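Read through the structure below, which is laid out as structure tokens, and then see the notes.
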2 protein chains.
Amino acid sequence: MRADARRNYDRLLAEAGEAFARHGIDASLEEIAKAAGVGIGTLYRHFPARQDLIVAVLRDSIDALLAEGERLREEEPGEALRVWLHAQIAHMATTRGLCAELIIGLKDPASPLYGTCHLITASGDALLRQAQDAGVARPDLTIQDLVKSLNGIAWVAERFPDDPGQADRLLSLLLDGVRVRPALHEV
Amino acid sequence: MRADARRNYDRLLAEAGEAFARHGIDASLEEIAKAAGVGIGTLYRHFPARQDLIVAVLRDSIDALLAEGERLREEEPGEALRVWLHAQIAHMATTRGLCAELIIGLKDPASPLYGTCHLITASGDALLRQAQDAGVARPDLTIQDLVKSLNGIAWVAERFPDDPGQADRLLSLLLDGVRVRPALHEV
DNA sequence: AAATATACGGAGGACGCCTCCGGTTATCAA
DNA sequence: TTGATAACCGGAGGCGTCCTCCGTATATTT
């Protein structure tokens, strides 16, 4: 990689991080290029799709999340799952529109986010299974549905930025359910 | 209202219904105007904001939903709530992007959907309270959080059109919770 | 039939995405 | 040091969408 290319790549990454944080993940790519002092063509050469830019920006925080998932396997299963869920929600709350992008990455093998999303899912799957084996989580629940519910919660919370407790309340509801007495074999 | 205006209004409504059903609620307004054989200016005069068009298109189905809510007050509380939740989900699944629009209408008093959304919420509130009084729904749950969860589920399901059971599974999960034994006073 | 209130249409400015290619520059070999 | 060349850069331009504005046309009324 040529030195000038590297320089531009780094600048773009920095400005993209800034822009995503400020304007959400749909920030204007032309703005990002301009802020990086680079033509729009250069941005597209380095990051052919918006998702490529996203994965690059998020790499560090996602690595941290995966490490946390690893660590939690040593904890008490029920609590480990709860903490993991909170961590996921908190991460998605980091950037407006992120949950929408992640849910696309979850189902579209062509998305640059596909691999990452499935690593996260696998990380959660281990914790869910532990909880199920310990008898503290419904045995018929799949990690796919759990992750989707999580995305849904993050999506909702994103729309109520004035209510900081929103995501936690919805997550608690998901954990405990609407019904007072759960009826496992009713549905 | 002048006769030609009325004619154009009706045509726009019909074409909008068609377009929303086919392309989702973000369908191009210029396309709708063209399909109705009308200038874009005419569309904007009749429906200054996209939401005005949406409420007009949805009026009938929402009236039906409200009537159903009314009817359900006569049923057994727990079952009534469950049916109502399913009906809401089914309605949102009608049009791609609808749940996103509704959740905006829920919080923004300036939105043309505000009134409608709160009528629906009120309708659900009656059923939730009945269920709570009957001891079959968590007493600390608010209708606001319940409706938001519903929107989240609809949003997720919208992204998995190939999985028709998606919404129902997530709704069941919401009803019964992740945990096997709910811990009411734990959170 | 004339007057008037009402409604129509689409040009045009703004913005965002993405492609394409003529011009520039870093790098390496001689 | 000096070409040669492969790699890289920039932004104009085509496209689609939103929304506004105002000169023109037409329904309605007197």
Side-chain angles (χ1 to χ4, degrees), chain A residues 1-57 95-98 100-101 104-105 108 110-113, chain B residues 1-57 95-98 100-101 104-105 108 110-113:
Chain A
M1 193 176 203
R2 244 168 67 170
D4 53 347
R6 162 104 262 151
R7 208 163 40 235
N8 286 336
Y9 181 96
D10 291 341
R11 278 185 186 172
L12 281 168
L13 215 52
E15 292 300 336
E18 181 79 14
F20 288 164
R22 203 196 307 275
H23 306 297
I25 220 154
D26 294 320
S28 162
L29 297 180
E30 308 205 318
E31 289 283 337
I32 292 174
K34 194 189 300 179
V38 143
I40 183 67
T42 297
L43 184 151
Y44 273 96
R45 198 168 331 99
H46 285 303
F47 307 100
R50 177 176 228 108
Q51 282 99 339
D52 292 307
L53 194 46
I54 295 174
V55 297
V57 165
T95 310
R96 241 172 321 143
L98 179 53
E101 212 56 53
I104 292 173
D108 178 13
S111 166
L113 279 162
Chain B
M1 194 176 202
R2 242 168 67 172
D4 53 347
R6 163 102 261 153
R7 206 163 41 235
N8 286 335
Y9 182 96
D10 290 340
R11 279 186 185 172
L12 281 167
L13 215 52
E15 291 300 335
E18 181 80 11
F20 287 164
R22 202 197 306 275
H23 306 296
I25 218 153
D26 293 322
S28 163
L29 296 181
E30 308 206 318
E31 288 284 337
I32 292 174
K34 194 189 301 178
V38 143
I40 183 67
T42 297
L43 185 151
Y44 274 96
R45 197 168 333 97
H46 285 302
F47 306 100
R50 177 174 227 107
Q51 282 98 338
D52 292 307
L53 194 47
I54 295 173
V55 296
V57 166
T95 310
R96 238 171 325 139
L98 179 53
E101 212 56 55
I104 292 173
D108 178 12
S111 165
L113 279 161

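Source: prediction; values computed, not measured. Chain letters run A, B, ... following the sequence lines, proteins first and then strands; every chain starts at 1.
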(message) Using a 4.0 Å heavy-atom cut-off, does A/R45 contact any base of the nucleic acid, only the sugar-phosphate backbone, or nothing at all?
(response) base
(message) Test your reading of the model: is there a side-chain donor-acceptor pair from B/S28 to the backbone of B/E31, 3.5 Å cut-off?
(response) yes
(request) Between A/G37 and B/A49, just flag the one whose closest nucleotide in DNA chain D comes earlier from the 5' side. (result) A/G37
(message) Does D/dC18 have its OP1 or OP2 closer than 4.0 Å to a side-chain nitrogen or oxygen of B/S28?
(response) yes
(message) What is the separation between atom CG on A/D26 and atom C1' on D/dT17, rounded to the nearest whole Å?
(response) 15 Å
(request) Report the distance from atom CD1 of A/I40 to atom P of D/dC15, rounded to the nearest whole Å. (result) 19 Å
(request) For residues A/G105 and A/S111, report the shortest heavy-atom separation together with the two atoms involved. (result) CA-OG, 3.7 Å
(message) Nearest whole Å is fine: how far is C/dC15 P from A/I32 CD1?
(response) 17 Å
(request) Assess whether one donor atom and one acceptor atom, taken from the side chain of A/E31 and the base of C/dC15, lie less than 3.5 Å apart. (result) no
(request) Ignoring backbone atoms, test whether A/N8 places a side-chain nitrogen or oxygen under 4.0 Å from the OP1 or OP2 oxygen of D/dC9. (result) yes
(request) Mind calculating the distance between CG (A/D10) and P (D/dC9) to the nearest angstrom? (result) 12 Å
(request) Nearest whole angstrom, please: distance from the P of D/dG10 to the CG of A/L29. (result) 16 Å
(message) C/dA7, OP1 or OP2 - any side-chain N/O from B/T42 closer than 4.0 Å?
(response) no
(message) Testing the basics here: between A/V57 and A/A16, what is the closest heavy-atom pair and its distance to 0.1 Å?
(response) CG2-CB, 3.9 Å
(request) Determine whether B/L13 and B/F47 make a side-chain contact, defined as any pair of heavy atoms from C-beta on separated by less than 4.5 Å. (result) yes
Where do N or O atoms of nucleotides 28-30 of chain D meet protein N or O atoms at under 3.5 Å, pair by pair?
unit_1, atom_1, unit_2, atom_2, d
D/dT28, OP1, B/A3, N, 3.4

(request) Could you check A/A5 against B/E30 and say which one's nearest nucleotide on DNA chain D is further toward the 5' end? (result) A/A5
(message) Looking at A/N8 and A/A5, would you say the former's side chain and the latter's main chain have a donor-acceptor pair under 3.5 Å?
(response) no
(message) Just the rounded figure in Å: distance from P of D/dA7 to OH of A/Y9.
(response) 19 Å
(request) Rounded to the nearest angstrom, tell me the gap between atom CG in B/L43 and atom C1' in C/dG10. (result) 13 Å
(request) Considering only NZ, NE, NH1 and NH2 on the basic side and carboxylate oxygens on the acidic side, decide whether B/E15 and B/R11 come within less than 4.0 Å. (result) no
(message) I'd like to know if the side chain of A/R50 reaches the main chain of A/L29, judged simply by a donor and an acceptor atom lying under 3.5 Å from each other, with no hydrogens or angles considered.
(response) no
(request) Would you tell me if any nitrogen or oxygen in the side chain of B/H46 comes within less than 4.0 Å of OP1 or OP2 on C/dC8? (result) yes
(request) May I have the distance from B/Y44 (atom OH) to C/dA11 (atom P), rounded to whole angstrom? (result) 16 Å
